[in-house]
Amino acid sequence: MNKQREHSAIALFSGGLDSILAVKWMQQLGYTVHSVFFSTPYLMPDKAIKSAEANDIELIVRDITDEHLKIVQHPKYGYGKNHNPCIDCRALMFQLAGQMLDELGASFIISGEVLGQRPMSQRLQSLMQVSKGSEMKDLIIRPLSQKLLPDSKPILEGWVDKEEMLDLQGRGRTQQMELANRLGIKDYPSPGGGCLLTDVSFTLRLSDLINHWQDNPLQIELLKWGRHFRLSPTLKLIVGRHKDDNLGLDQAAKSLPRMQIKDVPGPLGVLTTLGARQEELSLAASILLSYCNKATEPGMVIYSIDSIESAQIMAHKCSKDSLAQYKISID
Ligand code: SF4
């Protein structure tokens with residue numbers, strides 16, 4: 001390890017190999033690095049926490065749901081393949097990390113971005129847009145590719161020696177894996193995954209929420225579980241697909257009305273608002289019954305609020321065509 005450096009850094013840490021490499025590279029050069037993970041309902045910290053623990057990295061987790069929702073709704077630089085506003089997202093993360101510099105006594109911000117690795121967010125132009133959009137461009141260092149990038153203040157001021165930075169670029173992973181070997185990093189997750197904004201099914205559901213002005217944190221949280229059915233502009237039904245969905249819905253939707261099939265084990269149904277009309281309750285009951293083989297035809301569904309039974313609804317199962325008409329998700 002090199003001698004302790006005077007200036008320390010905040011790292012945007014995703015838990016992936018590149019961010020581990022960026023942190024470890026700077027640490028072995030003697031920099032103190034404060035690693036931060038910014039979480040939202042569609043970007044959970046679990047993977048980053050596990051990866052940080054496995055690699056002996058102290059991790060700060062901050063929830064940025066409110067700030068992030070604004071850029072998901074109105075990204076300045078547009079979306080990637082799905083609903084992922086990657087350039088705006090990265091810019092926001094650098095900006096928020098910049099706001100933590102004083103708190104952590106750090107001087108600059110690092111990330112594991114590699115020039116040319118991702119089509120949307122890591123081309124040179126995109127990296128520069130991220131830097132500019134963050135309003136922190138003078139303080140950003142990307143250790144894995146910094147030799148190939150314009151100099152920022154930490155280099156111009158001599159806090160960081162450009163010659164000690166790396167020149168990785170492109171989509172291949174070989175160089176990163178060799179570097180991981182050199183740094184003794186053995187435990188890292190496979191690339192990809194993690195952000196639900198890149199998931200087609202999640203994106204469909206999120207677009208539906210945005211189109212109906214219902215993209216608040218609770219409704220976004222609920223997008224992670226079950227099949228979703230739009231019953232009216234103000235009301236959705238969510239039906240658990242399996243035990244994990246039912247448990248997740250049960251936890252997340254404590255304040256919302258439930259539907260369960262009477263006397264038969266079956267999926268949990270959650271209505272996304274109170275005050276559903278009778279015909280909406282009948283439709284929801286029909287949909288719920290359609291996902292229970294053991295349900296009788298017609299079947300009885302219990303509607304409850306705060307665990308107190310509020311109504312029993314007799315309904316027939318829906319036809320496949322009707323289900324398709326109301327269903328938002330593709331799975
Ligand atoms: S994939 Fe998700 S978390 Fe990653 S930069 Fe894009 S929007 Fe942000």
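Whatever order the structure lists them in is the order used to number ligands and atoms, beginning at 1. When reading the values below, keep in mind they use all heavy atoms of this one structure, side chains included, and skip hydrogens, waters and symmetry mates.
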Compare Asn84, Val72, Leu43 and give the one whose heavy atom is closest to atom 3 (S) of ligand 1.
-> Leu43

Quick check, are the ring centers of His83 and Phe202 under 6.0 angstrom apart?
-> no

Counting backbone and side chain alike, does Cys86 bring an N/O/S atom below 2.8 Å of atom 6 (Fe) of ligand 1?
-> yes

Residue Cys89, metal atom 8 (Fe) of ligand 1, N/O/S under 2.8 Å = yes

Any side-chain heavy atom of His7 within less than 4.5 Å of one from Phe108?
-> yes

Salt bridge (charged side-chain N to carboxylate O under 4.0 Å, His left out) between Glu67 and Lys70, worked out = CA-CA 6 Å; Glu67 296 96 323; Lys70 290 181 194 143; over 6 Å; no

Give the numbers and elements of all ligand 1 atoms closer than 4.0 Å to a heavy atom of Arg90.
-> 5 (S)

Going through the distances and angles, do Lys254 and Asp306 end up as a salt bridge (charged side-chain N to carboxylate O under 4.0 Å, His left out)?
-> CA-CA 7 Å; Lys254 285 202 183 308; Asp306 290 335; over 6 Å; no

